[in-house]
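Here's the structure, in structure tokens; my notes come after.
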Amino acid sequence: MRATAAVLLVLCLLAVSHAWDCREVVNIKNLMQIDAGLGQVVATDTSQIPYYLVGDEWIRMPGYLKHITVGPAGIWGVNKDYAIYKYVAGNWVQAAGLLKQLDAGGDQFVVGANMDDTPFCLPSSATVGYKGPGSPLPWTGLPGAVKYYSCGPFGCWAVNKNDDIFLMSLNQDCQNKGWSPIDGKLSMIEVATDGSVFGVNSAGSVYTRDGITASKPEGTGWSNIPMCMLMGHVTYDLGHLWVVSKSAVTMVCTQ
């Protein structure tokens with residue numbers, strides 16, 4: 001059975017579009033979520049064990065998390081009870097608040113969504129210097145309702161419970177002008193450190209947003225990235241597209 005599965009995976013990888021060269025990440029199994037930024041890669045598996053990639057080795061991090069993120073604001077995560085943590089000096093330090101998902105990819109600020117899909121933002125003045133209880137954490141509530149939220153240099157992208165897509169301009173102090181609707185449907189979305197946007201829809205298809213620039217942060221349209229299996233999660237950094245399938249197979253793709 002394993003041999004048959006391996007052959008099917010090889011055939012599947014060969015079927016991927018020539019625009020992307022994909023290979024299976026063989027030294028980690030059963031990933032649930034992955035995030036890449038600033039040359040770093042972190043992930044959690046189906047047992048909610050967090051990992052940090054060093055070379056080709058996935059190093060187990062302490063604790064248990066259902067979502068982890070890395071970016072200019074550092075490494076942050078949330079556990080199954082929605083408790084928020086920042087990685088400080090090799091250990092997780094709990095931060096005030098409750099979120100189900102968060103993202104550290106903005107300009108040193110952190111964003112996230114809580115159990116009620118209420119979006120929040122933590123300004124850079126609080127994220128960078130946070131080292132534990134006693135440090136101020138002025139979470140700012142934002143308008144709207146989103147289930148998944150990610151930021152980059154040209155703006156923040158989010159999707160709601162209906163898979164509608166939105167874009168917001170957000171600065172280091174969490175000041176914003178509200179959400180602008182974007183065409184398409186996605187179930188999750190990630191913004192890279194360079195501003196690239198990737199997402200997965202409910203059918204497991206992967207998309208990237210074309211034409212994003214500082215002067216046109218909304219881009220021009222969506223392009224499908226053919227994959228050989230149904231995907232559930234995606235992240236991108238420095239030319240590497242990391243995808244996790246709905247069957248917990250992880251692949252990394254380059255152009």
Side-chain angles (χ1 to χ4, degrees), residues 1-17 20-71 73-80 85-88 90-92 100-105 148 150 187-194 196 198-200 204-208 225-255:
M1 184 66 70
R2 288 185 178 180
T4 302
V7 170
L8 290 175
L9 179 59
V10 169
L11 293 175
C12 174
L13 292 174
L14 291 174
V16 174
S17 169
W20 291 90
D21 179 19
C22 298
R23 60 178 174 84
E24 183 186 6
V25 180
V26 296
N27 49 357
I28 190 73
K29 302 294 182 183
N30 298 319
L31 288 188
M32 176 175 60
Q33 178 256 330
I34 191 167
D35 193 45
L38 296 178
Q40 304 173 83
V41 182
V42 293
T44 59
D45 68 11
T46 53
S47 298
Q48 302 190 13
I49 297 173
Y51 294 91
Y52 184 95
L53 181 61
V54 178
D56 291 326
E57 184 177 359
W58 293 87
I59 306 298
R60 177 172 177 167
M61 301 174 76
Y64 292 89
L65 298 172
K66 70 171 186 177
H67 191 96
I68 189 170
T69 180
V70 60
I75 300 176
W76 294 68
V78 295
N79 68 9
K80 63 181 179 62
Y85 294 88
K86 183 185 180 184
Y87 199 59
V88 179
N91 289 290
W92 294 106
K100 65 177 180 180
Q101 178 266 334
L102 77 173
D103 185 83
Y148 201 103
S150 182
S187 56
M188 65 81 57
I189 196 164
E190 281 286 342
V191 187
T193 309
D194 65 0
S196 302
F198 294 82
V200 180
S205 299
V206 178
Y207 289 85
T208 184
I225 300 176
M227 290 287 162
C228 55
M229 59 184 74
L230 302 181
M231 295 300 169
H233 201 91
V234 64
T235 187
Y236 177 86
D237 183 52
L238 298 176
H240 291 75
L241 179 67
W242 301 83
V243 286
V244 178
S245 77
K246 292 190 176 184
S247 57
V249 174
T250 302
M251 294 192 296
V252 60
C253 307
T254 55
Q255 283 184 306

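- In this structure the side chain of D237 never reaches within 4.5 angstrom of the side chain of V41, judged on heavy atoms.
- Partners of Y207 by side-chain hydrogen bond (donor to acceptor under 3.5 Å, both in side chains), not counting sequence neighbours: none found.
- Remark: the backbone N or O of I49 is not paired with any side-chain donor or acceptor of S47 at under 3.5 angstrom.
- Atom CE of M61 and atom CG of N91 lie 9.5 Å apart (nearest 0.5 Å).
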Kindly indicate, with the supporting measurements, whether the criterion side-chain contact (heavy atoms from CB on, under 4.5 Å) is fulfilled by L241 and M227.
-> CA-CA 12 Å; L241 179 67; M227 290 287 162; 4.0 Å; yes
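- When all heavy atoms are compared, the tightest approach of G232 to M188 is O-CG, 3.7 Å.
- Heavy atoms only, all atoms of each residue included: G37 and V70 are closest at N-CG1, 3.7 Å.
- Across P62 and W92, no two heavy atoms sit closer than the pair O-NE1, 2.8 Å.
- Judged as a side-chain hydrogen bond (donor to acceptor under 3.5 Å, both in side chains), and not counting sequence neighbours, Q255 has no contacts.
- Side-chain N or O atoms of H233 include one that pairs as donor or acceptor with a backbone N or O of I34 at under 3.5 Å.
- Closest of all the heavy-atom pairs between V206 and V234 is CG1-CG2, 4.3 Å.
- Considering CG of N79 and NE2 of H67, their distance stands at 13.0 Å, rounded to 0.5 Å.
- Expressed to the nearest 0.5 Å, how far CD of Q33 lies from CD of Q101 amounts to 8.0 Å.
- Within the 3.5 Å criterion, the main-chain N or O of T254 finds no donor-acceptor partner in the side chain of D21.
- No donor-acceptor distance shorter than 3.5 angstrom exists from the side chain of T46 to the backbone of M32, with no hydrogens or angles considered.
- When all heavy atoms of G63 and P50 are compared, the pair lying nearest together is O-CD, 3.2 Å.
- Between I75 atom CD1 and L38 atom CG the span is 10.0 Å, to the nearest 0.5 Å.
- In this structure, K80 places its NZ atom where only 12 or fewer heavy-atom neighbours from other residues, nucleotides or ligands lie under 6.0 Å away.
- For the 3.5 Å distance criterion, the side chains of T69 and D35 qualify, holding a donor opposite an acceptor.
- Between V252 and R23, the closest side-chain pair of non-hydrogen atoms falls below 4.5 Å.
- Nearest approach of A73 to K86, heavy atoms of both residues: O-CE, 3.9 Å.
- Taking the six-membered ring for Trp, W76 and Y85 have ring centres at least 6.0 Å apart.
- In this structure, CD1 in I225 is found 11.0 Å from OG in S205, a value given to the nearest 0.5 Å.
- With contacts defined as side-chain heavy-atom distances shorter than 4.5 Å, the pair Y236/D194 qualifies.
- The side-chain hydrogen bond (donor to acceptor under 3.5 Å, both in side chains) test applied to S150 returns D103, E190, not counting sequence neighbours.
- Separation of atoms OG1 (T208) and CZ (F198) is listed at 3.5 Å; rounding is to 0.5 Å.
- When the SG-SG distance for C22 and C228 is compared with the 2.5 Å cut-off, it comes out at or above that value.
- In this structure the side chain of V25 reaches within 4.5 angstrom of the side chain of W242, judged on heavy atoms.
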